[in-house]
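Throughout, residue positions are numbered sequentially from 1 according to the sequence presented. Here the structure is a predicted model, which is why all the values come from computation and not from measurement.
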Amino acid sequence: MNGVPLSVRVNRLFALAHELDDPEPGTEVVAASVSRILGKTVEPSVIDSLRRGEEHAAQAEVLRAVAQHFSAPEQYLAADGYGDYDTLVRFKIAVRDAGVQHLSMRSLDAAALPTADEMESLIPILENLRRTPGRPA
């Protein structure tokens, strides 16, 4: 994976943080949580700036707190080293949006997770199965 912009990764965290038929969390909710984590006020406009790709808003402590809010590793919002986790985020979104309740991979034992390459190969298939929110599975 090569050069996924910070704004895309932040937006993917928002996209992952809800059930299929529910809305994404609002920037106000995330800003309030980040403010609690940091012990100082972070305005929703700072979170909006991150989502729009205005890199000047990307203070390291804010990025760490955003990652913490979404229970993501801090490295996911760092400059590099985020590729495998980004694949996992995209995979989880694709699984949810496809309405998949159970995924069994015969090549893995029951406790194993698919590799990044296996997830990458499944994402397009799952995206083709994407459910429309509000429509029964």
Side-chain angles (χ1 to χ4, degrees):
M1 176 145 300
N2 200 357
V4 178
L6 176 62
S7 61
V8 170
R9 289 177 277 142
V10 169
N11 283 308
R12 284 181 179 155
L13 290 176
F14 274 83
L16 180 61
H18 66 90
E19 298 298 321
L20 179 61
D21 293 328
D22 295 334
E24 287 185 353
T27 54
E28 298 81 11
V29 170
V30 175
S33 175
V34 168
S35 295
R36 280 190 300 279
I37 291 166
L38 295 177
K40 66 180 186 180
T41 301
V42 174
E43 297 296 329
S45 62
V46 172
I47 306 302
D48 284 328
S49 292
L50 288 173
R51 295 190 79 182
R52 285 192 306 268
E54 297 169 1
E55 302 297 325
H56 67 276
Q59 298 174 356
E61 67 178 356
V62 171
L63 293 176
R64 284 192 298 274
V66 168
Q68 185 177 342
H69 168 78
F70 287 108
S71 300
E74 291 179 13
Q75 192 64 31
Y76 184 56
L77 299 181
D80 57 13
Y82 55 80
D84 285 349
Y85 192 77
D86 189 61
T87 300
L88 179 62
V89 168
R90 292 174 35 246
F91 179 73
K92 287 181 173 185
I93 291 168
V95 166
R96 180 206 55 215
D97 291 354
V100 173
Q101 299 297 314
H102 177 78
L103 186 63
S104 179
M105 298 182 67
R106 294 172 197 247
S107 65
L108 301 176
D109 66 45
L113 292 174
T115 66
D117 287 341
E118 289 169 329
M119 285 186 281
E120 283 289 353
S121 69
L122 289 170
I123 289 170
I125 296 166
L126 291 164
E127 288 175 342
N128 285 333
L129 298 173
R130 182 170 283 149
R131 253 188 359 109
T132 304
R135 190 185 91 215

Can you check side-chain contact (heavy atoms from CB on, under 4.5 Å) on Leu126 and Asp97, steps first, answer last? CA-CA 8 Å; Leu126 291 164; Asp97 291 354; over 6 Å; no

What distance separates Glu54 CD from Asp48 CG, expressed to the nearest 0.5 Å? 9.0 Å

To the nearest 0.5 Å, what is the distance between CE on Met119 and CG on Leu88? 5.0 Å

Taking it one step at a time, do Leu77 and Leu13 satisfy side-chain contact (heavy atoms from CB on, under 4.5 Å)? CA-CA 10 Å; Leu77 299 181; Leu13 290 176; 4.1 Å; yes

Restricting to non-hydrogen atoms, name the atom on Pro25 and the atom on Ala17 that form the minimum distance, rounded to 0.1 Å. CD-O, 3.8 Å

What are the two closest heavy atoms between Glu24 and Ala15, and how far apart are they? OE2-CA, 3.5 Å

Do the side chain of Arg90 and the main chain of Arg12 share a donor and acceptor less than 3.5 angstrom apart? no

Donor-acceptor pair, Tyr82 side chain versus Val4 backbone, under 3.5 Å? yes

Could you grab the distance from atom CG of Leu122 to atom OG1 of Thr87, nearest 0.5 Å is fine? 12.0 Å

Atom CD in Glu28, atom OG in Ser33: separation rounded to 0.5 Å? 13.0 Å

All heavy atoms of Ala116 vs all of Asp84, minimum pair found to be CB-OD1, 3.5 Å

Is a side-chain donor or acceptor of Arg9 paired with a backbone partner of Ala78 at a separation under 3.5 angstrom? yes

Audit row: Asp86, Val8, side-chain contact (heavy atoms from CB on, under 4.5 Å) steps and yes/no: CA-CA 10 Å; Asp86 189 61; Val8 170; 5.8 Å; no

Smallest separation among heavy atoms of Glu43 and Thr41, with atom names: OE2-CG2, 3.4 Å

If you round to the nearest 0.5 Å, how far is CD of Glu61 from CD of Glu74? 11.5 Å

Give the cluster check for Ile37 versus Val29: same hydrophobic cluster or not, with ILVMFWY residues linked at side-chain heavy-atom distances below 4.5 Å. no

Would you name the heavy atoms of Arg96 and Glu19 that are closest together and state the gap between them? CD-C, 3.8 Å

Is there a donor-acceptor pair under 3.5 Å between the side chain of Ser35 and the backbone N or O of Val42? yes

Under a 4.5 Å cut-off applied to non-hydrogen side-chain atoms, are Val34 and Val46 in contact? no

Side-chain heavy atoms under 4.5 angstrom apart, residues restricted to Ile, Leu, Val, Met, Phe, Trp, Tyr: same cluster for Leu38 and Phe70? yes

Which value, rounded to the nearest 0.5 Å, describes the distance between Arg52 atom CZ and Asn11 atom CG? 10.5 Å

